[in-house]
Amino acid sequence: MAQTSIILRVELNHEKVSFGDVAATISKAGGDITSIDVIRPGKESSVRDITVDVAESAEAQVVDALKEHEGIKLINVSDRTFLVHLGGKISVQPTLPIKNRDDLSRVYTPGVARVCTAIHENPKKAYSLTIKRNTVAVVTDGTAVLGLGDIGPSAAAPVMEGKAMLFKQLAGVDAFPICLDTKDTEEIIRTIKAISPIFGGINLEDISSPRCFEIETRLAEELDIPVFHDDQHGTAVVVVAGLLNALKVVGKRIENVRVVVNGIGAAGVSICKMLLAAGVTRLVPVDREGAIVRGGSYEYPMWQWLAEQPQVEATPGVLKEVLRDADVFIGVSRGGLLNAEDVCTMAPDRIVFAMANPKPEIDPEEALPHVRVLGTGRSDYPNQINNVLCFPGIFRGALDCRARRINEPMKLAAARAIASVVTEAELNEHYIIPSIFNEQVVTKVRHAIIEAAILTGVARRIPPDFR
């Protein structure tokens, strides 16, 4: 159940109510008091801020209960999540102070003209003389935001700001949210190309399928900086990382397992591609109409590509039918599709990654007694499959070696690097994937990305620690 934290500012009439009455009212309505601050003390009345943890579904009843209680005046309700977003979550800071005219003449006119001329004569110097070498654009059109769908560019901004924060805190990368007020594929491509000179990489985010495929493909071909659609490839990288370790837990080899992937949209297609690159030989992609089968004919180009792969099974069927005897289920679709009876038709030592949010394809509590390894997209269960594990390190590495692109070998190297953070001694059913706060993650992913970029010829620079 989703939890939130709210701050209630209340005025208490001491003749009619005590603080114990307030606490009892909040508790009875489903809230849990975590802190109390006295704003204005007094004999006859007082004002206090009460911080309360509460299920999102019960927030209204806590508020209503206080409003209805005689002697309690509810002055204000603040959601702590909203409070941290006030004014936005990121800012731009100079790298050095401007204290006098001499400083001004060097960072701006007239001194800056010499730097501009140097870049004009040799565009490669932009990497050393501007923010380009450490800056990523986080670009969205707001059409596929988290579990919210098409909410538009303005409403998508808090997510993009949050992503920029993660880039900076986890990998030291300066990222900036770019929210485009257009859904036109050509206009999006044209706009990103037009703003690309100042950026060292482009992170596409929350752009709906199937447009996201063309946008990424075209940009990767037409730009000389890395372009990475995180909803596709970030998810795929972390899924493969988790699967590599889950297979170690159950003692199976990737080339021997049968894998069912449900939800063949942006993430699902990329997951399928990475699974094939990682060595899966028996793959069953499934969408709403049933399995995508080898030899079939499909309108979507990516589905057609899957149908042409020899590792994809040729047997048709809906999800519950093709799930029988599968070793692995990976869901990136919608909640409530499966139950325990369905999961029990799978092969022994079942691996289930049910990643639909906020409601997984099968309720985790229902699945846990019947599977060997369970992963979800949620933070309230073990083994959270979270793409935050990969994109900071991937871009850190790509920027440091000035990669032209992020290719398939680099993505697979990142997956293996993430998996390697969990040691053999630590590995178990409830710990197959490291925490996003494990400092080794970015370090190992960066190293793997640079190494793969050098080996595949897309690196334009060899960092000092690789020489």
Side-chain angles (χ1 to χ4, degrees), residues 235-265 267-296 298 302-334 337-356 360-362 364 366-376 383 385 408 412 415-416 419 429 432-433:
T235 304
V237 166
V238 183
V239 164
V240 171
L243 181 60
L244 292 173
N245 279 342
L247 290 172
K248 291 179 184 177
V249 170
V250 301
K252 295 182 180 181
R253 298 177 63 85
I254 197 165
E255 62 268 25
N256 297 331
V257 295
R258 182 170 177 266
V259 183
V260 172
V261 178
N262 191 63
I264 311 302
V269 168
S270 188
I271 289 168
C272 288
K273 283 187 172 183
M274 275 206 69
L275 289 171
L276 296 178
V280 168
T281 60
R282 301 169 65 198
L283 179 64
V284 187
V286 185
D287 213 77
R288 291 182 181 180
E289 297 177 6
I292 295 167
V293 298
R294 186 176 70 249
Y298 300 96
M302 292 299 163
W303 290 18
Q304 187 59 43
W305 181 88
L306 285 169
E308 294 168 1
Q309 304 311 304
Q311 301 96 327
V312 172
E313 291 191 355
T315 305
V318 297
L319 174 61
K320 295 193 177 194
E321 294 171 338
V322 299
L323 189 63
R324 183 176 296 276
D325 296 326
D327 297 279
V328 180
F329 169 78
I330 297 169
V332 279
S333 49
R334 56 190 176 88
L337 296 178
L338 299 173
N339 56 37
E341 184 178 342
D342 301 319
V343 168
C344 287
T345 68
M346 295 173 65
D349 292 321
R350 305 163 186 114
I351 297 170
V352 171
F353 290 174
M355 297 183 294
E361 284 80 0
I362 180 170
E366 185 175 3
L368 278 167
H370 307 286
V371 303
R372 183 80 181 276
V373 179
L374 176 71
T376 72
N383 302 327
I385 309 297
E408 293 302 318
L412 189 55
R416 289 173 173 152
E429 286 89 344
I432 60 167
I433 206 82

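Smallest separation of non-hydrogen atoms from V293 and A307: O-CB, 3.4 Å. The minimum heavy-atom distance between G242 and F353, with the atom names listed, is C-CZ, 3.7 Å. The minimum heavy-atom distance between G317 and E321, with the atom names listed, is CA-OE1, 3.2 Å. When all heavy atoms are compared, the tightest approach of A347 to D327 is CB-OD1, 3.7 Å.
Using modelled atom types, one side-chain atom of R350 and one backbone atom of C344 make a donor-acceptor pair closer than 3.5 Å. Side chain of T345 to backbone of D342: a donor-acceptor contact under 3.5 angstrom is found. A donor-acceptor distance shorter than 3.5 angstrom exists from the side chain of R294 to the backbone of V312, with no hydrogens or angles considered.
Here the CG atom belonging to L338 is positioned 9.0 Å from the CE atom belonging to M346, to the nearest 0.5 angstrom. Here L247 contributes atom CG and E255 contributes atom CD; the two are 9.5 Å apart, rounded to the nearest 0.5 Å. Put simply, CD on E429 and CG on L374 are 11.5 Å apart, with the number rounded to the nearest 0.5 Å. With values rounded to the nearest 0.5 angstrom, I385 atom CD1 is found 5.0 Å from I432 atom CD1. The distance from atom OG1 of T376 to atom CG of N383, rounded to the nearest 0.5 Å, is 8.0 Å. Interatomic distance, I330 CD1 to N262 CG, rounded to the nearest 0.5 Å: 11.0 Å.
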Decide side chain to side chain contact (heavy atoms under 4.5 Å, CB included) for C272 and L283; before the verdict, give the C-alpha distance in whole Å, the side-chain angles of both, and the deciding distance to 0.1 Å. CA-CA 8 Å; C272 288; L283 179 64; 3.9 Å; yes

Report the C-alpha distance between M302 and I264 in whole Å, list the side-chain angles of each, state the deciding distance to 0.1 Å, and finish with yes or no for side chain to side chain contact (heavy atoms under 4.5 Å, CB included). CA-CA 9 Å; M302 292 299 163; I264 311 302; over 6 Å; no

Take T315 and V322, measure what side chain to side chain contact (heavy atoms under 4.5 Å, CB included) needs, and give me the verdict at the end. CA-CA 8 Å; T315 305; V322 299; 5.9 Å; no

The test is side chain to side chain contact (heavy atoms under 4.5 Å, CB included); show your working for F329 and L319 and say whether it passes. CA-CA 10 Å; F329 169 78; L319 174 61; 3.9 Å; yes

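Contact check for Y298 versus L306: no side-chain heavy atoms found under the 4.5 Å cut-off. In this structure, the side chains of L275 and L243 come closer than 4.5 Å at one or more pairs of heavy atoms. The shortest distance between side-chain heavy atoms of M274 and E408 falls below 4.5 Å. Between V284 and R258, some side-chain heavy-atom pair lies under the 4.5 Å cut-off. Side-chain contact between N339 and K320: present, with at least one pair of heavy atoms (C-beta onward) separated by less than 4.5 Å.
Using a 4.0 Å cut-off between charged side-chain N and carboxylate O, K252 and D349 make no salt bridge.
Considering I433, V239, I254 as possible partners of L244, the one that fulfils the side chain to side chain contact (heavy atoms under 4.5 Å, CB included) test is I254.
Applying the salt bridge (charged side-chain N to carboxylate O under 4.0 Å, His left out) criterion to R416, with sequence neighbours excluded, gives no partner residue.
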